[in-house]
Colleague: 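Mind having a look at this structure? Questions to follow.
Chain naming here is simple, since letters A, B, ... match the order of the sequence lines and numbering starts at 1 in each. These figures come from a predicted structure and were not determined experimentally.
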Amino acid sequence: MAVARIRNFSIVAHIDHGKSTLADRLLALTGTMDAKKAVDQVLDSMDLERERGITIKAHTVRLLYRARDGHEYTLNLIDTPGHVDFSYEVSRALAACEGALLIIDAAQGIEAQTLANYYLAHEAKLAIIPVINKIDLPAADVEGTREQITEELELDGHEALAISAKHGTGVPEVLEAIVARIPPPVGDPDAPLKALVFDSYYDSYLGVVVYVRLIDGRVRSGTRIAFMSNGRTYEVHQIGVLTPGLTPVEELSAGGVGYLTASVKRVADAKVGDTITEAVRPATEAIPGYRDAKPMVFAGLYPIEDTDYEALRDALEKLRLNDPAFTFEPETSLALGYGFRCGFLGMLHMEIVQERLERHYGLSLIVTSPSVQYRLLTTAGEVLEVDNPSKLPTPDKIEEMEEPYVGASIFVPTEFMTAIYRLAQEKRGEHRSLEYLGGKRVHIRFDFPLAEIVVDFYDKLKSISKGYASFDYEFSGFRLAELVKLDILLNGDPVDALSIIVHRDKAYEKGKALVEKLRQVIPRQLFEVAIQAAIGSRVIARETVKAMGKNVTAKCYGGDITRKRKLLERQKEGKKRMKQVGKVEVPQEAFLSVLKS
Amino acid sequence: MLADRRPVTASLGAYIHAPFCAKRCGYCAFNTAPWEPAAMARYVRAVMREMDLAGTVAWTPDVPVHSIFLGGGTPSLLAADDMSAILDRLRRRFRVLHDAEITVECNPESVTRVKLEAYRRAGVNRISLGVQAVDDQVLERLGRLHGAAAARAAFDAAREAGFGNVSVDLMYGLPGVERDDWRHGVETVLAWAPEHLSAYGLSLDPGSLWGASGVDGLPAEDAVVAQYWTLVSMARDHGFEHYEVSNYARPGYRSRHNLTYWRRGEYLAFGPGAAGFVADVRWANVKPVPRYCSETEAGRLPVDTCERLTDRQALAERLILGLRVADGVPASWLEERATGDGQLRTRIDWWQARGLLVFDNDRVRLTEEGYLLSDALFIDLL
Ligand SMILES: Nc1nc2c(ncn2[C@@H]2O[C@H](COP(=O)(O)OP(=O)(O)O)[C@@H](O)[C@H]2O)c(=O)[nH]1
Ligand code: SF4
């Protein structure tokens, strides 16, 4: 396939503007698969993703399209993940493309993620084709949307395509525009191999399947390749294209997109953003932009049943095969026993990992309150990184403490500005800049302590802005902060897994909220349970769970003992989701309530 | 299934379920059906047929029956002739001991002296009267068809009919019942001098109207607990033994039939939804009355579910049933269950420390405070 007949593109959009619908249309129109199957299979193919309406993995499919000029083109659609936690993956997927379709809902106009995605595509120097979708809707305002595009994006609104992905109107023109307006890749098939890894996953038969975009050179089965980040070399077994199933081909060459397998054992050895080259004739430099996805949030994962520890480790190892962005190492807790300290990109990532462990591996888990990684200088002059509050040295041993900060970008309609500033203040945000975009929209930058935004910031932001705000952030460095460790005591005994590190000014408020929340989630037990929040030896808040007053089945229905036993068995099942901490049975939610309070 | 299992104990109980009620009470989660004469007639034939079918099993002539309990529904809706026919049939097919305890649950509005006399002639020797409360407003709220006066009249009728063993059912924790109302209710009923008293705390069970819709005016847990203690002390003052979580009896009047359940004795079961237990098998009949009838009419035992218990389940049952009774269970049973279960041992220590569980010689039992929290322990014992 001549490079001139290849187009690599992605579709980006604000959620619900019609990205999936259009993708399905493009597949159907090019006969890649029948439309019904497409809907079921193509985008969001993992159940978790579908349920949450997010895309975690980049999905890729090759379309063969005979254009009106009579030539057949290879169009590689590289779909991107859609959540702030995964913005690095997005940037790598975009780096594999030359162009992007930017979908805009004709009735909604430009929205938060439209802008955020536009900026990403722009930064990746892609040819951007604005596509106004849903023109069939009565509320569609095509002209208004064109103006918005001209005003708010550095694009010409008049060049936007107007389509209805739902009805198919204008979709053939989209294919033509891809051919006409997105440049073909530039690359030299005879130069040394240089291929960008933009995704990879583990398959139990094939080993790691690596999605690649070839910049230069060619690769065939038998080629000896090397990963430039770690120097590991492998022999290629299979190469192919994504249709979207794996379809082997003879060769992939410069400009092409496809997959390869090479007995790579762990996804961690074929990381997104890495460059693959030829072992015997390596490229002189790697593709820029690679970075190790670094976990930002840390939490302990403990099996409820101690006997599940091994099973948990196996499951974590298996998961990690497919998800090198998350890390784990063994840790112990006085309260919870043996478990693992895990690092995640963000809270969503953490929830996904937890759900996978529980659903696919049938484990019942306790997740401790998440923490960011703090940096501190001890009085002995040592620098420590602490991601587990219970590992924090006592205050007398700490010279100074720093917390991680992020630079955050928020795009929001002006009417929500006040609410956003209020939220930012609540979260210890520092205002950096404010920029008006076409009168109705602003771009605000804040610096935030990472700890303040990892948990529920995104949700809060969405809710106060009725979903209009977009949000992205980047680690910006450490800053000195007045931080204290807040301990939770149950019947006088500190529960290490419930400790958190908070800003001194917020400790009191946080402690009160926390004990109150715990009072609600800890069920009544045989004994009264005193819940206290303390800083050092000073108790700052207290609540009590009264002892259980009555728990009895008065009557057995005409000797129906089975019924009674089943009822008790069900309650016992419920109790299995609790962890015995000293004398107190603490339910799973209690540990997470630390976040939600 | 009955055919290839032989009872392991010396004698059996027999439970007969009579499902019909004139009206369904708000809190009721029993297997009931609206009362209609035709359905009743069909049921009576069916239940006797079921006895015939069960009675063909080889061991039935050998194993004596020591107690019969007619529960419901409202068994006292059975005409005296039907009652007599059913009990006769059971006697004909099984070896009912001549001194067997034969109890009928009666709703006050459905009995008269004449009817009760006839029941007595049919062999009934114990009446369990569903009084529930002695406040007309409360009774109406529960959806009961009798008032306080009718309850009293029914009790007197039972006495006049010659019953020397009468039990009264009461409910505590009812909506709108304050502490003093409850005290008054208990006092009233104790003044009638029944031989036996059952007091059930109201629970909103799934399957009941209130379970689905909820109900206003429920007393707080503290108040319910206080009612329990009021009853405990008043019953004691009147010479009753608190011999099971919800049951009180004058000496010599513990219910043999109910004790069969708690001691994990075996019992036969007849009627729709009735649950039986023989050897290692617990079974239950089909619940809907029409289907129950058609099964029996077709000559099939109307068994719906059937479960063989493992040794572990059997042990758990022995414990959770036996601990409901004042005598408790041999300490060795608990020991057997706790072997190798450190967590359970710790719990048992806590129970003891809190005075909920006591070891007495080589038995272990719950205290009256322990009864109140018994399910919490039972969960651990499963
Ligand atoms: N009326 C109309 N609805 C559309 C059109 N395109 C997509 N939709 C609907 O918009 C909703 C979101 O579309 P979807 O493709 O899932 O959006 P995504 O979140 O961007 O992938 C779905 O209910 C689609 O049926 C269109 O052209 N016209
Ligand atoms: S009388 Fe008894 S069985 Fe009948 S509806 Fe009322 S509570 Fe239920």
Colleague: Could you look at Glu317(B) and say if it's the side chain, the backbone, both or neither that has a heavy atom under 4.5 Å from chain A?
Modeller: side chain
Colleague: Between Arg264(B) and chain A, which part of the residue has a heavy atom less than 4.5 Å away: side chain, backbone, both or neither?
Modeller: neither
Colleague: What part of Glu585(A) lies closer than 4.5 angstrom to a heavy atom of chain B: side chain, backbone, both or neither?
Modeller: side chain
Colleague: What I want to find out is whether Glu221(B) reaches Arg524(A) closely enough, with some N-O distance under 4.0 Å, to be called a salt bridge.
Modeller: yes
Colleague: Go through the steps for Leu526(A) and Leu356(B) under the test side-chain contact (heavy atoms from CB on, under 4.5 Å), then give the verdict.
Modeller: CA-CA 10 Å; Leu526(A) 279 185; Leu356(B) 305 173; 3.7 Å; yes
Colleague: To the nearest 0.5 Å, how far apart are CD in Gln571(A) and CD1 in Ile379(B)?
Modeller: 4.0 Å
Colleague: Relative to chain A, which of Leu373(B), Val245(B), Asp380(B) shows the most heavy atom pairs under 4.5 Å?
Modeller: Leu373(B)
Colleague: Quick one: pull up OH in Tyr228(B) and NZ in Lys550(A) and give me the separation to the nearest 0.5 Å.
Modeller: 11.0 Å
Colleague: With chain A, which of Trp351(B), Trp350(B), Phe378(B) has the greatest number of heavy-atom pairs at distances under 4.5 Å?
Modeller: Trp350(B)
Colleague: Step by step, work out the side-chain contact (heavy atoms from CB on, under 4.5 Å) result for Asp375(B) and Lys564(A).
Modeller: CA-CA 10 Å; Asp375(B) 279 357; Lys564(A) 177 183 163 68; 3.3 Å; yes
Colleague: Other residues, nucleotides and ligands only: do more than 12 of their heavy atoms fall within 6.0 Å of OH on Tyr338(A)?
Modeller: no
Colleague: Would you say Asp222(B) and Lys546(A) make side-chain contact, with heavy atoms under 4.5 Å?
Modeller: yes
Colleague: Could you look at Ala284(B) and say if it's the side chain, the backbone, both or neither that has a heavy atom under 4.5 Å from chain A?
Modeller: neither
Colleague: With a sphere of 6.0 Å drawn around CZ of Arg24(B), does it hold more than 12 non-hydrogen atoms of other residues, nucleotides or ligands?
Modeller: yes
Colleague: I'd like to know whether NZ of Lys287(B) has more than 12 heavy-atom contacts from other residues, nucleotides or ligands below 6.0 angstrom.
Modeller: no
Colleague: Just wondering, more than 12 heavy atoms not from Arg308(B) lying within 6.0 Å of its CZ?
Modeller: no
Colleague: Nearest 0.5 angstrom please: Leu372(B) CG to Met548(A) CE, how far?
Modeller: 11.5 Å
Colleague: Can you tell me how far CG of Leu309(B) sits from CD1 of Ile561(A), rounded to the nearest 0.5 angstrom?
Modeller: 10.5 Å
Colleague: Working to the nearest 0.5 Å, report the span between CG of Asp349(B) and NZ of Lys583(A).
Modeller: 9.5 Å
Colleague: With a 4.5 Å heavy-atom cut-off, do Glu307(B) and Arg565(A) have their side chains touching?
Modeller: yes
Colleague: Is the count of non-hydrogen atoms from other residues, nucleotides or ligands lying under 6.0 Å from Tyr508(A) atom OH greater than 12?
Modeller: no
Colleague: Of all heavy-atom pairs between Ser374(B) and Val552(A), which one has the smallest distance, and what is that distance?
Modeller: OG-CG2, 3.5 Å
Colleague: In terms of heavy-atom pairs under 4.5 Å with chain A, which of Ala269(B), Ala376(B), Gly13(B) leads?
Modeller: Ala376(B)
Colleague: For Tyr371(B), is it the side chain, the backbone, both or neither that has a heavy atom under 4.5 Å from a heavy atom of chain A?
Modeller: backbone
Colleague: With respect to chain A, which residue among Glu369(B), Gln313(B), Arg347(B) yields the maximal number of heavy-atom pairs within a distance under 4.5 Å?
Modeller: Arg347(B)
